[in-house]
Protein chains: 2
Amino acid sequence: MNKSETKVLVALERVGGFASAQEIHRILQRGSQSIGLTTVYRALQSLLNDKIVDLLRKDDGEAIYRLCGETHHHHLVCKSCGATVEIEGGAIEKWAKNIATQHGYTDIGHMAEIFGLCSKCST
Amino acid sequence: MNKSETKVLVALERVGGFASAQEIHRILQRGSQSIGLTTVYRALQSLLNDKIVDLLRKDDGEAIYRLCGETHHHHLVCKSCGATVEIEGGAIEKWAKNIATQHGYTDIGHMAEIFGLCSKCST
DNA sequence: TCACAGAATGAAAATGATTGTCATTTTCAG
DNA sequence: CTGAAAATGACAATCATTTTCATTCTGTGA
Ligand SMILES: [Zn+2]
Ligand SMILES: [Zn+2]
Ligand SMILES: [Zn+2]
Ligand SMILES: [Zn+2]
């Protein structure tokens with residue numbers, strides 16, 4: 001765990017959720033923790049190897065990272081106004097794990113979101 | 001459904017699984033169905049909108065597409081080789097509906113995917 | 001303390017998928 | 001047939017990510 005990796009971790013902590021490499025870089029530039037973009041990528045690569053961060057992909061394919069072990073949750077989002085509710089996913093966690101092990105898959109992750117119209121927007 | 005979209009669909013049928021835009025383009029170039037790369041991307045975009053194809057992401061972020069079955073389902077995907085299993089989502093459908101109505105949301109949809117390492121890749 | 005090998009760093013260039021532009025061609029309703 | 005609108009594709013632009021490579025740091029043995 002070298003100095004750059006620590007800086008990236010601190011940035012991710014501050015963010016508290018997902019962030020792309022570029023966002024992390026921007027954040028660090030702003031403060032006094034300046035660090036090169038290349039190094040951000042290298043640090044993330046290394047943190048991934050050590051399973052200290054998670055990687056997901058946005059819809060457009062950009063990679064986003066977050067600290068592992070942050071509380072995992074899902075979203076219920078209004079299609080019209082964007083109002084969002086955070087969901088504890090107990091049931092779905094089990095579902096994912098069951099299905100995956102049933103098919104011999106390991107190192108399992110999942111994504112789930114629910115869309116709809118909130119009460120305000122559905123009048 | 002215009003001519004290019006049809007060509008792309010035919011190519012996807014021949015492939016029988018996932019293919020990237022570039023692969024589809026290469027395949028069509030080979031045969032007598034030549035078509036521009038830009039047009040392949042446009043056709044895929046359009047087919048996505050109409051939910052005629054599915055989009056997934058390889059590990060490196062590249063988009064891959066395939067024909068979508070007509071029934072609603074979810075995917076269990078290998079992060080490494082892309083091997084995919086289609087999942088009947090009974091449990092998750094109920095979960096989504098419950099959560100959403102609990103919060104007063106209507107007109108509900110959802111997304112869910114499970115990813116992991118398939119048995120071959122998890123050595 | 002000094003010298004030096006190897007690791008770490010980052011600026012700049014390279015890569016590669018995807019998207020934007022725009023002039024040209026095709027389609028088709030009137 | 002004719003003009004408007006849609007479709008097409010060559011090419012340029014964008015943007016995340018990776019490579020390169022010269023430079024700077026760091027620790028270790030003399
Ligand atoms: Zn709403
Ligand atoms: Zn979950
Ligand atoms: Zn696999
Ligand atoms: Zn479902």
Side-chain angles (χ1 to χ4, degrees), chain A residues 1-12 15 17-67 109 111, chain B residues 1-12 15 17-68 77-82 84 113 115:
Chain A
M1 170 83 64
N2 62 29
K3 207 173 274 186
S4 323
E5 290 169 26
T6 309
K7 288 182 186 174
V8 167
L9 278 187
V10 170
L12 272 176
V15 169
F18 286 103
S20 70
Q22 316 258 355
E23 281 166 350
I24 293 169
H25 179 235
R26 230 174 295 131
I27 289 169
L28 291 174
Q29 293 283 291
R30 212 174 289 140
S32 56
Q33 302 302 310
S34 190
I35 191 184
L37 179 56
T38 312
T39 307
V40 171
Y41 275 106
R42 271 192 293 241
L44 285 169
Q45 203 58 46
S46 170
L47 292 169
L48 262 184
N49 270 336
D50 302 347
K51 311 213 182 201
I52 296 173
V53 303
D54 265 349
L55 179 159
L56 279 184
R57 300 248 168 218
K58 292 195 305 182
D59 270 358
D60 66 357
E62 188 181 359
I64 52 182
Y65 307 80
R66 74 166 168 194
L67 287 177
M111 275 193 72
Chain B
M1 171 83 63
N2 62 32
K3 207 172 273 184
S4 322
E5 291 169 25
T6 307
K7 289 182 186 172
V8 167
L9 278 188
V10 170
L12 272 176
V15 168
F18 285 103
S20 70
Q22 317 258 355
E23 281 165 352
I24 292 170
H25 179 236
R26 228 174 296 130
I27 289 168
L28 291 174
Q29 293 282 290
R30 213 175 288 140
S32 56
Q33 301 301 310
S34 190
I35 191 183
L37 178 57
T38 311
T39 307
V40 171
Y41 275 106
R42 269 193 297 244
L44 285 169
Q45 202 56 48
S46 169
L47 292 169
L48 262 186
N49 270 335
D50 301 346
K51 312 208 183 201
I52 296 171
V53 302
D54 265 350
L55 179 158
L56 280 184
R57 300 255 168 211
K58 293 195 306 184
D59 241 10
D60 65 358
E62 187 183 0
I64 50 182
Y65 307 80
R66 76 160 169 190
L67 287 176
C68 211
V77 189
C78 175
K79 287 189 279 194
S80 167
C81 71
T84 303
E113 275 193 49
F115 33 85

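Here is the naming used below: chain letters follow the sequence lines, and residue numbers restart at 1 for every chain.
- In this structure, NZ on A:Lys7 lies 9.0 Å from OG1 on A:Thr39, to the nearest 0.5 angstrom.
- A straight line from OH of B:Tyr65 to C1' of C:dA17 spans 10 Å, rounded to a whole angstrom.
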Side-chain atoms of residues 26-37 of chain A: list all donor-acceptor pairs with protein atoms under 3.5 Å, sequence neighbours left out, distances to 0.1 Å.
residue, atom, partner, partner atom, Å
A:Gln29, NE2, A:His25, NE2, 3.3
A:Gln29, NE2, A:Ser34, OG, 3.2
A:Gln29, NE2, A:Ile35, O, 3.1

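- The distance from atom CG of B:Leu55 to atom P of C:dA17 is 15 Å, rounded to the nearest whole Å.
- The heavy-atom pair separating A:Tyr41 from A:Gln22 by the smallest distance is OH-NE2, 3.1 Å.
- Here the CG atom belonging to A:Leu12 is positioned 6.5 Å from the CG atom belonging to A:Leu44, to the nearest 0.5 angstrom.
- Within the nucleic acid shown, B:Ser4 comes within 4.0 Å of sugar-phosphate atoms alone, with no base atom in reach, counting heavy atoms only.
- Between the CD atom of A:Glu5 and the P atom of C:dG10 there is a distance of 13 Å, given to the nearest Å.
- The CG atom of B:Asp60 sits 12 Å away from the C1' atom of C:dT15 (whole-angstrom rounding).
- Rounded to whole Å, the distance from CD1 on A:Ile35 to C1' on C:dG10 is 10 Å.
- Here chain A contacts DNA chain D (any atom closer than 4.0 Å to a heavy atom, that is under 4.0 Å), and the contacts span D:dA16 to D:dT26 from 5' to 3'.
- Applying the side chain to side chain donor-acceptor pair (under 3.5 Å) rule to A:Thr6 yields no partners; only residues at least two apart in sequence or on another chain are considered.
- Atoms CZ (B:Arg57) and C1' (C:dT18) sit 9 Å apart, rounded to a whole Å.
- Rounding to the nearest 0.5 angstrom, the gap separating the CZ atom in B:Phe115 from the OG1 atom in B:Thr84 is 13.0 Å.
- If you take CG on B:Leu47 and CZ on B:Arg42, they are separated by 13.0 Å, rounding to the nearest 0.5 Å.
- Atoms CG (A:Asn2) and C1' (C:dA7) sit 9 Å apart, rounded to a whole Å.
- Taking a 4.0 Å limit (strictly below) on heavy-atom distances, residues 38-45 of chain A reaches DNA chain D at A:Thr38, A:Tyr41.
- Taking A:Asn49 as the reference, nothing meets the side chain to side chain contact (heavy atoms under 4.5 Å, CB included) condition, with sequence neighbours excluded.
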N/O donor-acceptor pairs under 3.5 Å from side chains in residues 57-66 of chain B, not counting sequence neighbours:
residue, atom, partner, partner atom, Å
B:Arg57, NH1, B:Gly61, O, 3.0
B:Arg57, NH2, A:Asp59, O, 2.7
B:Lys58, NZ, B:Glu62, OE1, 2.8
B:Asp60, OD1, B:Glu62, N, 3.0
B:Glu62, OE2, B:Ser20, OG, 3.3
B:Arg66, NH2, B:His75, NE2, 2.4
B:Arg66, NH2, B:Glu86, OE2, 3.3

